Amino acid sequence: MTPSTLDDGALAAATDEREPGLLGRLGGATAFWMALVLFGLVALFSAISPQNAFLNVGNFFTIALNASQLTLLALGMTYLLGARQLDLSIAANVVLASILSAKTITALMPAPGGNALGAILCGMVVALVAGTLFGLVNGLLVTRLKLSSFLATLATSTIGLGAALVITSGANVPGLPRVLQTSFGIYRIGGVVPVPVVIALAAAAVLWFFLAKTRFGVRTLAIGSAPEAARRAGIAVDRQLMTLFGMMGFLCGLTAILDISRFATTNIGGHQTDAMQAIAAAVIGGTSLFGGSASVVGAVIGALIPVVLGTGLVIMRVDSFYQLIAVGLIVIVAVAIDQRRRAGQA
Amino acid sequence: MTPSTLDDGALAAATDEREPGLLGRLGGATAFWMALVLFGLVALFSAISPQNAFLNVGNFFTIALNASQLTLLALGMTYLLGARQLDLSIAANVVLASILSAKTITALMPAPGGNALGAILCGMVVALVAGTLFGLVNGLLVTRLKLSSFLATLATSTIGLGAALVITSGANVPGLPRVLQTSFGIYRIGGVVPVPVVIALAAAAVLWFFLAKTRFGVRTLAIGSAPEAARRAGIAVDRQLMTLFGMMGFLCGLTAILDISRFATTNIGGHQTDAMQAIAAAVIGGTSLFGGSASVVGAVIGALIPVVLGTGLVIMRVDSFYQLIAVGLIVIVAVAIDQRRRAGQA
Amino acid sequence: MAETDSPSLADVAAPPALEARAVTKRFGAVEVLKGVSMTFRRGEITAIVGDNGAGKSTFMKVLAGEYRPDGGELLVDGRPATLLSTKDAQRFGIETVYQDLALAPDLTVAENVYLGRELVAPGLAGRLGVLDRPRMTARSREIMLGLGARLKSYAVPAQSLSGGQRQCVAIARALNWARNAVMLDEPTAALGARQREMVYGAIRGAAARDLAVLLISHDLPQVLELADRVIVLRQGLAVADLAPRDVGVRDVVDIMLGAGKAA
Amino acid sequence: MAETDSPSLADVAAPPALEARAVTKRFGAVEVLKGVSMTFRRGEITAIVGDNGAGKSTFMKVLAGEYRPDGGELLVDGRPATLLSTKDAQRFGIETVYQDLALAPDLTVAENVYLGRELVAPGLAGRLGVLDRPRMTARSREIMLGLGARLKSYAVPAQSLSGGQRQCVAIARALNWARNAVMLDEPTAALGARQREMVYGAIRGAAARDLAVLLISHDLPQVLELADRVIVLRQGLAVADLAPRDVGVRDVVDIMLGAGKAA
Amino acid sequence: RDKVEIAFLPGQVGIPFYSTMQCGAQKAAAEFDVTMSWAGPADWDVALQQPFIDAAVQLKPQGIVLAPTDGGALITQVQELEAKGTPVITVDAPLNEPVETQNIQSNHRLGGEAAAGAMAEVAGDEGSFLAIGMRPGLPDIDARVEGFVETFKRAHPKAKLLPIAYPETSSTKAAQQVAAAIQSTPDLKGVYVTHSAAATGAAAAILEAGKRGDIKLVSFDADPQQVNDLRDGVYDALIVQQPYQMGYDAIRTLAGLIRKEIPRASVEHDHFLPFVVVTQRNMDDPAVARSFYTTTCN
Ligand SMILES: Nc1ncnc2c1ncn2[C@@H]1O[C@H](COP(=O)(O)OP(=O)(O)OP(=O)(O)O)[C@@H](O)[C@H]1O
Ligand SMILES: Nc1ncnc2c1ncn2[C@@H]1O[C@H](COP(=O)(O)OP(=O)(O)OP(=O)(O)O)[C@@H](O)[C@H]1O
Ligand SMILES: [Mg+2]
Ligand SMILES: [Mg+2]
């Protein structure tokens, strides 16, 4: 018997240079699908809500305003998850930063009627610095002491909250200048766009750019995808993680600023579920809990979905107990379909 | 130049059949170190607490009693984490199971003075069945719909709580027979050992046995260590995960029974931090968040440490804000030393 | 279209242990298998060779139930079979060594060898699933020694093994359990000279035990020495079915690369 | 004690690019390296061979800064150097291909080739770290083609590559960045015939570029053809330093296994 | 006189309500020669309070003041303490069965009723109203909600009540829920909040919608911030409890009981403290201002 060539398929000539890998890795497909879900919800609520209560620009921006703090936190969490880390201490960080900031402002406040601008700016700087430092402490625990970020940030969460309570004796800081609220926290640029929304969107744009376009983003995902490989490739993993935790802290500081300026007071007890919500927003948006893939756009959408749902269901006068059930079911359905869609493609 | 043999080390004759792999994988080393930490804390508090308030059998069992519910939850979580899963819905599960159980008991209660035993037993069965079913639903979402356990259980957590609130209209179930509390929930066998402690220890013993000694344990860890490899090896991964989620649910039902019988009421508003606490207890005890290694003994110790710390610090009259800080610091120090110890060995 | 069936040395009357008909598989836009047909007979060592990226591993994963083919069909013992999972394949007695091995890094060597088929103690304890660890360790040592791997301990986690030792664990597992067919994807890539010899010996032994053996390898000289049939895969197509006696390494390489056509 | 220095072909006056002196390494109770000394000179291909589990990969990881040795010292360009991390080794211009490759599975081929040394756009954008993806892709394709790997797309994640393609990515990376020394741990295990030839060509090219090359391989015939020196590791000890011209595969195997002693 | 040892077990430490109670208790402790310990959880949860109770009991105090975080859970324990001769006074909330020596509280249901009256007064009794709880299952807060809802429904049948909102302790969630209610209910006239986190959220939402003044806001409690906000017109009325008096009365009564200066029989089980309804008009009245909560004594 002689060797027999049976067929000789032509060479697939065209090489394919699209970037499915990139899109997939940046969770693009899931983010896209979740954006559809989001628009579907908006359309649904618009259609069935009485008196067009849902469908109007003012309401959309109110929703965006209510999602702005969560968006900031979800952005930082997206980077951390992309690098196979997480931060459970963000609530404590926000509380601590807001308290320090509020204390600073009230301490520096001029006599009533004076210009509070200086005090407010100092307060904001304090919030950002405190938040960033808190984040860097987390980073140190993870990189130097080699604690898992879960345990490290769980512990600093407790410590940070304890510190906040010690500083304030447990009471919210009173006496913040009202102008902080009226001309910043709830001020609407052009009467339409609330300042916190602008800040959140700006942060999202910057962080999207860095994740999708720069070395910084690639290295973050490399660390999450294969920490060993990243280290062996000579990436300064520890420094990168420090930056990421510091960045998360900075975003906590920013959130703290929005918090005190929206509500003109601190809210020590009110952030308990922030970490979970931020993680959930990131994951719903297509970021992997196990690192290597992350989506900034998805995080924004993931932060918006629960707020849209909540607002829509309130407008529909759905009893709040049934709201809980509805939110849970919608998340399951949306994510399950996304899952099936992706499985079908692979 | 001729080839030159330069040395010929003797064959290492003895083959080493000890099981460092097994010990390490079962988180044994960490559990051992954390046990030392626990005993250290007990010794410290015993030495410095006024009037021997800490060092007495009654107090030890009170501590064990306070840790018993967390222990049950941490046990289930240990198995799930070992298989690279988690369950964030355990609080909702406990609440729902306790409500259904309490409703059953109050509905079946005979006239005052009658024997409540039948009603109570029915209630217990209801709690266990409801808890297990809840867990199996989680398992279905993870295995059939391929949701990540994080998102799936986050969603069922919301749904479960919503269902509990709808059932009760948001009010705790009143009118549980006091005998449930006096002769079960806080009854001490021989006047010393509280029933819940016996239950928690029995559960721990059984689950230790299955994890360390049986096929079931090996397969659980195989799934966590390398899900792909486990699947390729023909392990029925989905069935195993269903069992694990069902088991977690059963333990939630058990916890619910302890809850209503200890407190003679349901606690709808409580339990919010149960999932985090259970995960933390498991991880402190040496179970890996990323699967493949788990320790039942460690989970028990991890559940005891915060209670011992809390009780000790209360007895020492440390202000509860400082307690938060102290607990966080001690966790960091203990885990960091464990980390260093392990790095040194590797 | 590929047509690789050939009236081979084996008994034509007995149905082949494993047969693939016009199997296609695509990932997204890329068609990796473009209609591959092949038969594997008992007692015969069939080698699949091909350039990197030709689709060898993908094809094997289809046979192992790991991937579901987009088109075509599989037959086991002459009967059409749908392999929905690797468990299905195992139920048919088909065992696989994957190119990326698929060990559980945290589990011990013995546990990896017996993964999914653990030995349990006799009696009631066994009913509870209590492991017979000593027996698992002893048997693992035997099997591993038969492949030339000497380990200091069988209780270390698989992640602390050397590359070759890991490969031996995966091979040990497959050879230990196969009843119908065994498929090996570059099983000797990380092995030393002695281990390679012993593994080839074990593969011959498997064929002698009347298993159908599928071997994927880049070690062409060895393949030509060992295999009863050599099938060349090029860009998702089976382009040649060769009898090793009649060809040299050079011929095979030429067909692999599509450089020259042998007739 | 091993003493593998030999007045080799290379210029003895110039300090060796890389030298290990009496390096020991233990994992727990197991001593894997028992005092290994070796020198690697520029322009020379030094091969390390040995049985599975002999300690080859462990030794290479010590040289790469991945493991810290328990005893002994390392010299780079004749000066004692402490390699605390792979980054340190890279700073000395030492690049490594690991046996388990170390790719980031979620990243694209181009990103993996440039991992840790991404190409950035010119000007301000570059200062911000903006990637020059087109150039990264184009260059990656060039390098990969030079190793015989043809990919449909350079934007697919590394996890969707075939075994051999993945190996090419890892090799491409190391060869692209090495300035002083390049170390390859079984780089051709998963490669097809053509790719293997091209990689061996690239290794020769690296030596010609005056790099010190360390090659670990089980492919003894190839090693004897390619290497300037062959060092045999047995159970954590360097037991022989051979000149390939003078020995055959059989001799090397005998030494590897400690069966016969050549003098 | 010998020192008397009393363990005071607040339901949650730090928040101004309990800090104010602590001030009252400390005042009484100083007056009546009492050594008082003060320890409680950082959050309102019976499971969190339990270790504090256990630890206090370990130290065998002569009397215990307890703010029970659950009306049912602690009955047996209190019963045992009473049986062993340790008198227990509960403050803030009662137990579900009257096993303790005395309960001092401002009946939260009555507070809700007072809030309903105040709301009708500032916002009229037509249009829609929204009541905000915290999370279901907290007896005190739930009673505040129920008292309001039932009274308002009964007394003002023309008014519409929206479904109760439960924002937990998150101001952001409260703001979102109130914003949605404003959006969907053009005739929203008043929002009743039962705790301060919801209050700040509701206030921000009303302000953001430009509806300050149009939508009245009535809140429970008088934290320093809330008092400021009342002055600034954020709130229209505050329903204020008397935690200082609670703490003071509890210690005084308990010290007297332990020293047998007060006969047990003369201590009635129920001791209700009235609410103070504060509006901008009466807030500068010193008698009213005394009821504002503080974070530090003096
Ligand atoms: N999951 C996947 N997604 C996308 N493409 C894939 C996937 N798996 C394999 N491929 C592509 O299919 C082709 C064939 O891959 P396969 O692993 O079957 O090759 P192979 O013949 O085994 O090569 P090697 O000899 O290198 O192991 C490759 O080009 C690879 O990039
Ligand atoms: N991290 C580790 N922990 C414990 N033992 C280890 C570890 N790494 C390697 N070993 C052991 O050290 C010995 C040498 O391993 P090494 O990987 O260096 O071998 P090798 O010569 O590269 O073998 P191969 O040819 O199979 O790749 C092996 O017996 C292995 O089990
Ligand atoms: Mg392959
Ligand atoms: Mg090796």
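Lettering of chains follows the sequences in order, A, B, ..., and the numbering in each one begins at 1. Since the structure is predicted, the reported quantities are computational estimates derived from the model, not experimental observations. Keep in mind that the numbers below use all heavy atoms, side chains included, and drop hydrogens, waters and symmetry copies.
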Note to self: Just so I understand: if I count every heavy-atom pair under 4.5 Å between each of B:Leu161, B:Ile337, B:Ile284, B:Leu151 and chain A, which residue has the most?
What the structure shows: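 Sorted descending by pairs with chain A, the first entry is B:Leu151.
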Checklist line | Candidate list B:Leu86, B:Thr287, B:Leu244, test side chain to side chain contact (heavy atoms under 4.5 Å, CB included), partner B:Leu80, passing option | finding: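 Of the listed options, the one satisfying the test is B:Leu244.
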Note to self: Out of the candidates A:Leu309, A:Val314, A:Ile315, only one should pair with A:Thr311 under the side chain to side chain contact (heavy atoms under 4.5 Å, CB included) rule; please name it.
What the structure shows: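 Going through the options one by one, the only one that passes is A:Ile315.
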Please rank [options] by heavy-atom pairs under 4.5 Å with chain B and give me the top one.
| options | answer |
| --- | --- |
| A:Val327, A:Val283, A:Ile159, A:Leu145 | A:Ile159 |
| A:Ile279, A:Leu154, A:Ile330, A:Thr273 | A:Ile279 |
| A:Ala326, A:Gly160, A:Ala280, A:Ser288 | A:Ala280 |

Check: Contact part of B:Gln272 toward chain A, heavy-atom cut-off under 4.5 Å: side chain, backbone, both or neither?
Finding: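 Side chain only.
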Note to self: Regarding A:Asp238 and A:Lys146, does a basic nitrogen lie under 4.0 Å from an acidic carboxylate oxygen?
What the structure shows: yes
Report, as yes or no, whether the 6.0 Å neighbourhood of atom [atom1] on [X] holds more than 12 heavy atoms from other residues, nucleotides or ligands.
| X | atom1 | answer |
| --- | --- | --- |
| A:Tyr322 | OH | no |
| B:Arg144 | CZ | no |
| A:Phe290 | CZ | yes |

Check: Is it the backbone or the side chain of A:Leu141 that comes under 4.5 Å from a heavy atom of chain B, or both, or neither?
Finding: side chain
Notebook entry, point to check: Where does A:Leu88 contact chain B at under 4.5 Å (heavy atoms): side chain, backbone, both or neither?
Noted result: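 Just its side chain gets close to chain B.
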